Amino acid sequence: MTLGLINANPVVHAKRERVARTEDLHADDAVDPLDIYDILSISRYPEHPYSLEQLSVLSEESITVDDKLGRILITFTPTIQHCSMATVIGLCLRVKLKHCFPPHYKVDIKVSPGSHANEESVNKQLNDKERVAAALENPNLRQLVDECLYSNEL
């Protein structure tokens, strides 16, 4: 049995034009949702040579930050209801955030409500430290995550 792409023809959107910001963004060490979006949106989608931004998996509005409580919430939308890459996408987001932001932030990653057939299960996996650590110990999965995060093909 040959496995093909679950979503062989995703809708691809144009990349957003980046506007250079001149103010000192980190003068008060606050985390800005736009900074997070700029870092995460360029990550490659696991099954396609497109970014998360191009496939509308991630948007600026789907990122919330509460500096007082030290919390970051990322909500992403898989390309289809039965997306088999949802946990991989969430894992990529978590790994990238871990490398880019202070460890005192509590990061929650969820699929958008109603956007995935196994929403509750995916959300549980993405926010369980032991499951995340175990997933990253798998060399094949770790390689896929690294390819998504550090691909220069976009």
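We're numbering straight along the sequence, starting at 1. This structure is a prediction, so every number in the text was calculated from the model and none was measured.
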In short, salt bridge (Lys or Arg N to Asp or Glu O under 4.0 Å) pairs touching residues 71-84 with sequence neighbours left out are Arg71-Asp108
Check whether Leu73 and Val31 end up in the same hydrophobic cluster, where Ile, Leu, Val, Met, Phe, Trp and Tyr are linked by side-chain heavy atoms less than 4.5 Å apart.
no
Tell me, do Glu53 and Leu58 make a side-chain contact under 4.5 Å, heavy atoms counted?
no
Is there a side-chain contact between Val111 and Ile89, using heavy atoms and a 4.5 Å cut-off?
no
Listed partners of Lys98 passing side-chain contact (heavy atoms from CB on, under 4.5 Å), at least two apart
none
For Asn127 and Val107 the tightest heavy-atom approach is OD1-O, 3.9 Å
Donor-acceptor contacts under 3.5 Å from residues 132-141 side chains, at least two apart:
residue : atom : partner : partner atom : Å
Asn138  : OD1  : Asn140  : N            : 2.9
Asn138  : OD1  : Leu141  : N            : 3.1

Does a side-chain heavy-atom distance below 4.5 Å link Leu126 with Phe76?
yes
Salt bridge (charged side-chain N to carboxylate O under 4.0 Å, His left out) partners for Asp66, two or more places apart:
none
If every non-hydrogen atom of His116 is compared with every non-hydrogen atom of Pro78, which pair is closest and at what distance?
CD2-CG, 3.9 Å
Go through it in stages, so that I can follow the logic: the residues are Leu34 and Ile36, the test is side-chain contact (heavy atoms from CB on, under 4.5 Å), and I'd like the CA-CA distance, side-chain angles, deciding distance and then a yes or no.
CA-CA 5 Å; Leu34 184 56; Ile36 296 172; over 6 Å; no
On a heavy-atom basis, the closest approach of Cys83 and Thr79 is SG-OG1, 4.4 Å
Test side-chain hydrogen bond (donor to acceptor under 3.5 Å, both in side chains) on Asp32 and Tyr37; report intermediate values, then the result.
CA-CA 9 Å; Asp32 183 326; Tyr37 177 77; over 6 Å; no
Could you tell me which residues satisfy salt bridge (charged side-chain N to carboxylate O under 4.0 Å, His left out) with Lys124, sequence neighbours excluded, listed by chain and number?
none
Do Tyr45 and Gln54 pair up side chain to side chain, a donor and an acceptor below 3.5 Å, judged on atom types alone?
no
Scan Val145, Leu52, Ile63, Val88 and name whichever one has a side chain to side chain contact (heavy atoms under 4.5 Å, CB included) with Leu93.
Leu52
Check for a donor-acceptor pair, side chain of Ser62 on one end and backbone N or O of Thr75 on the other, with a separation under 3.5 Å.
yes
Please round to the nearest 0.5 Å and tell me the distance separating atom CD of Glu47 and atom CE of Met85.
4.5 Å
Set of residues satisfying side chain to side chain donor-acceptor pair (under 3.5 Å) with respect to Asp146, sequence neighbours excluded:
Arg142
With the side chain counted from C-beta on, respond yes when Val95 and Cys92 share a heavy-atom pair under 4.5 Å apart, and no when they do not.
no
Side chain Asn118, main chain Ser121, donor-acceptor under 3.5 Å
no
What residues, two or more places apart in sequence or in another chain, satisfy side-chain contact (heavy atoms from CB on, under 4.5 Å) together with Lys96?
Ile39, Leu40, Cys100, Leu149, Tyr150
CD1 of Ile72 to CZ of Arg94, rounded to nearest 0.5 Å, is 10.0 Å
Just to verify, what does Thr77 make a side-chain contact (heavy atoms from CB on, under 4.5 Å) with, not counting sequence neighbours?
Ser112, Ser115
Mind checking side-chain contact (heavy atoms from CB on, under 4.5 Å) for Pro103 and listing every partner two or more places apart, or none if nothing turns up?
none
If every non-hydrogen atom of Gly114 is compared with every non-hydrogen atom of Gln81, which pair is closest and at what distance?
O-NE2, 2.6 Å
How far apart are the closest heavy atoms of Pro113 and Glu119, and which atoms are they?
CA-OE2, 3.5 Å
Across all chains, not counting sequence neighbours, the side chain to side chain donor-acceptor pair (under 3.5 Å) partners of Glu130 are none
Quick one: does Leu97's side chain get under 4.5 Å of Tyr105's, heavy atoms only?
no
